[in-house]
Every structure is written in structure tokens, then in C-alpha cells.
There are 2 protein chains.
Amino acid sequence: MAPRPDSSGPAETTRSNLIAAGFELFGTAGYAATSTRRLAERAGTNVASIAYHFGGKAGLHAACAQAAAERIADAVGAPRDPGAIGADAAVAALEKALRGLAALLLNGEQAASMVGFLVREMNASEEIVQILFDRFVGPKHRELCALWAAATGRPAESEEVRLSVFSMIGQVLYFRLGQPVVLRGMGWDAVGPDEAGRIAEHLVAQLRASIDRSRI
Amino acid sequence: MAPRPDSSGPAETTRSNLIAAGFELFGTAGYAATSTRRLAERAGTNVASIAYHFGGKAGLHAACAQAAAERIADAVGAPRDPGAIGADAAVAALEKALRGLAALLLNGEQAASMVGFLVREMNASEEIVQILFDRFVGPKHRELCALWAAATGRPAESEEVRLSVFSMIGQVLYFRLGQPVVLRGMGWDAVGPDEAGRIAEHLVAQLRASIDRSRI
DNA sequence: TGCCATAAATCAAACGATTGATTAATTCCT
DNA sequence: AGGAATTAATCAATCGTTTGATTTATGGCA
């Protein structure tokens, strides 16, 4: 059934084309609304290739989830133990991470379809949540909690710190997910680099306020 | 095509049953993944009733969007012009609105499917965004901006104030949308009234910090 | 290298199943 | 009786998948 588990073949382009098509179509229209024929058409190949390379539509979907998690994990960067770090340096590191996340989510059309893909399936598939969490959400969250702890002096495992990190992420994620509503509310036509930068600066200011408040 | 535009008939129960089924199935599985036969089965009626009462599957979907917007608008409460209000009273009003939003979104299983329904279609249908925004997001956002302006002394139309209100809403919305991930990160089994309360208290603290910071 | 046998990959075509919609007949209620 | 409402049955269209044949790439032998 499965073709060849390893890589490096002329069929690799077909596989990556199908995954790219999966990002776009699954991410924008959803799993059920995306037909295998449109996937194949978008990928410039035949319908049977989906079953041949991925075992079926579900297999392609799972491969898309893996690939999306991989790319975002790359963009977010490997979580590293901050170790002993000064409060000011921790704040700077948090600001840098926040700016990076905002740039990743708000700029770039490709990120939009990937994020849409992940969030759309997050509430539908427990497996996707597992992949997401194990791959980068969990480790990155722990790293940010350690930074937050170093910045405020509170224990990294405390509920307060973990909630603070989640709501920091939630803010920037909302500007991606709720973008259609945000555009109307702000009177913007689109979120370009300009608007993304202003959002990022605002979120950084919020971050500073939150840290100052919980500092001990 | 349309049966009777008005209400109050023996068929009204069929209509409301179909809309309730639409909330659950559209909200959890999405539009395309929900078949008319399952909708009818869940509603305890025949497939042809969908076409008879709503003109078709798309009509039922639109009716669900209208009903969802209506119920959430009721729960959020009619936006009222705060008028001349003291800073402290404005802060209190903001806190109350935030607590109400958190309770609405985080408690209750019914709210989950409605919010899921709305967010799912937000990026797919411009019409849904229009309904959402006109019905309560827009007016409520303006009201919250007025409160924020009264609390901080900044102009209500400024970009800073509008962004602040959006990120306040984004925080609480993320705890609903990203709930599967949040549960793992917090080590919780579910978001019950207890957890919802602790999230709300945290968000209120964040709100106070944000207001204190931008106060002039 | 040159040739062929084998495997890998792609293709058009068709399968059964399910989709949303429609029809005609039936039941319900006033 | 008579319109409103519901039902079972059926429609064409599309779904994901499979099939067998064909094309393309790979590896061994001279």
C-alpha cells in the first residue's frame, strides 16, 4: 500500500505539491468541503496519486498536519532553557518572542493558510491537538513561562504565570483568527506590514504592563 | 418557496428543532461535513422539511447564523452610550463586561457550539462577518472603547484604544477557541465554573494593568 | 556505455456510496 | 373539504476510492 517510506525520489515533488494543495484547500474550505479531485487538480497530478502516496484523503490530511507543525516549529524556533537569566534580559527575550510570533502570524499569506488549517482542525481532531502540543506549543509554552518567571520573580509552574503566557499568545492569535472582524473595527483594508507592526508594538506595550503589574 | 414568514404555527417547533440541530452539527463538524439527512434526523423530522422551511441547506445555515447572532447579542446585552462617566466607574463597567463575556464564552455547552459555529464560518463567509459586526460586535466595540477612553483619558477613536479593546476581547476568546490546547497546558481536565472563574480573575487583573499603564 | 528487465509512478475510466434537491402522495389540523 | 405540513421515494450530481493499463525511472549484466 504505502509507496516507499523514505524520501528522495522523483515522486517527492508530487507529494510536496499535494501537501501544499492540502494547506490551501483544507485550510480555507475545511476537510469535508475539499474534494480529492480539486486537491489533485491544484497539485497538478492525478486523483489516484492521493491514495498512492498517502493512502487516501485522510492520510494526506494527517501529512499536512505534520508538515504544518514542522514548519511552524521551525519558524517559532527551538525552545531553549533560558537557565539563569536576569529580569531585564528575560523581558527582552519575551518581547522578542512576541514580536516574532506576531510577524509569523500577521505577515505572510502562507502562514495564514497554515494557521487556519491548524485552528480549524484543532476542535475536530484530538490527534491534531496532540501533534500541535507535543511538537511546539508545549515546549515553547514552558520556555515562555520560564522567561516570565525570571521577569517577574514568580514561580514558573504557578497558575498565574501559565495563564499570563496563554493570554499573551491569545492576544496575537486573535488578531489572526478574528482578522475579518478586526479589519472592520479598525477601519483597515488589510493587515500589511504597517498594521502588523503597529499591532506588535501595542502587544509589546501590553506585555510590559502585565509584567510590571505582577512583578514582585 | 418560503412557507410563511411569520411565526406561531405548529411548524414552528420543526423550524426551531432544525435550527438547534444546525447549531450542533454545523458548529462542531462544519457546513460541508453536515448532511441534510443528519440534520433532519437530529431534528426529528424529514429531509424535505429543510427545503420546505428554509429553501434548502444554505437557507438553514443562514437562519442559524441569524439566530446565533441574536442569542449572543441578547447575552452580551444592548450596547448603551456610557455618556459622561467617571474613570473609576468606567473601569468597573469594563470589568463587568469582561466578566460577563468570560462567563458567556467559558461556561455552558450551548455557547461553545454557537461560538464554534460563528468562528468557523467567519473566515468562509463575508455575509456572516457582516451579520456579526452589524449585530453586536461593532456597537459593543464602540461602547467598550468609550468606556476605555473614560477610564484612561485617551480619545475613544484613537488606534491605541481600539487595539486595546480588541486584545482584551481576543484574550478571552482565545480561552474558548484554543481550549483543547489550554487544557493540556494548564493540566486541566475541563473548564468548569471553577476554572472559568480563575481565568476571569486573571483577565480582570490584566485589564487593570493595561488601563493603569495607558492612563494619563 | 548500451540494453533490457523490474519497479515506481502516473493516468483515464469506472465503481459503489452518498450528497442536496425534488416529486407525488399522505397526514394533520381547522 | 381544503390548505398546511410531513412523508417516502426518487433524481442527477458528486463524493472517495479502486482498477488496469501506460509511462517513467531504476538497477543489473554485458
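Below, read A as the first sequence line, B as the second, and so on, with proteins coming before strands; counting in each chain starts at 1.
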Interatomic distance, [X] [atom1] vs [N] [atom2] [rounded to whole Å]:
X        : N       : atom1 : atom2 : answer
Ile50(B) : dT19(C) : CD1   : C1'   : 12 Å
Leu60(B) : dA21(C) : CG    : C1'   : 14 Å
Arg15(B) : dA4(D)  : CZ    : P     : 12 Å
Glu41(A) : dA12(C) : CD    : P     : 12 Å
Phe54(B) : dA21(C) : CZ    : P     : 13 Å
Leu39(A) : dG16(D) : CG    : P     : 8 Å
Lys57(B) : dT22(C) : NZ    : C1'   : 17 Å
Leu18(B) : dA5(D)  : CG    : C1'   : 13 Å

**Prompt:** Using a cut-off of 4.0 Å on non-hydrogen atoms, how would the nucleic acid contact of Ser35(B) be classed: base, sugar-phosphate, or nothing?
**Reply:**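 Sugar-phosphate only.
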**Request:** Give Val47(B) one of three labels, base, sugar-phosphate or nothing, depending on what nucleic acid heavy atoms sit under 4.0 Å from its own.
**Result:**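 No contact.
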**Item:** Derivation and outcome, salt bridge (Lys or Arg N to Asp or Glu O under 4.0 Å), residues Arg15(A) and Glu12(A)
**Value:** CA-CA 5 Å; Arg15(A) 275 193 279 266; Glu12(A) 189 61 27; 3.2 Å; yes
**Request:** Return the 5'-most residue of the pair Arg38(A), Asn46(A) with respect to DNA chain D, ranking by each residue's nearest nucleotide.
**Result:**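 Taking each residue's closest nucleotide, the earlier one in sequence belongs to Arg38(A).
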Counting only side-chain heavy atoms from C-beta out, which of [options] sits nearest to [X]?
X        : options                  : result
Thr36(B) : dG16(D), dG20(C), dT7(D) : dG20(C)
His53(B) : dC11(C), dT7(D), dT6(D)  : dT6(D)
Arg37(A) : dT10(C), dG16(D), dT7(D) : dG16(D)
Tyr52(B) : dT23(C), dA4(D), dC11(C) : dA4(D)

**Prompt:** Do Leu39(A) and Phe26(A) touch side chain to side chain, with heavy atoms closer than 4.5 Å?
**Reply:**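 Sidechains of Phe26(A) and Leu39(A): in contact.
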**Request:** Can you measure from CG (Leu60(A)) to OG (Ser49(A)) and round to the nearest 0.5 angstrom?
**Result:**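 One gets 11.0 Å once the value is rounded to the nearest 0.5 Å.
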**Request:** Mind telling me whether Phe166(A) and Tyr174(B) have parallel, tilted or perpendicular rings, with 30° and 60° as the class edges?
**Result:**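 If you compare the ring of Tyr174(B) with that of Phe166(A), the planes turn out tilted.
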**Request:** Respond yes when some side-chain nitrogen or oxygen of Thr45(B) is under 4.0 Å from OP1 or OP2 of dT7(D), and no when none is.
**Result:**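 Yes, because at least one side-chain N or O of Thr45(B) sits under 4.0 Å from OP1 or OP2 of dT7(D).
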**Asked** Do Glu159(B) and Arg162(B) pass the salt bridge (Lys or Arg N to Asp or Glu O under 4.0 Å) test, and can you show the C-alpha distance, the side-chain angles, and the key distance before you say yes or no?
**Response** CA-CA 5 Å; Glu159(B) 187 170 280; Arg162(B) 282 187 289 179; 5.6 Å; no
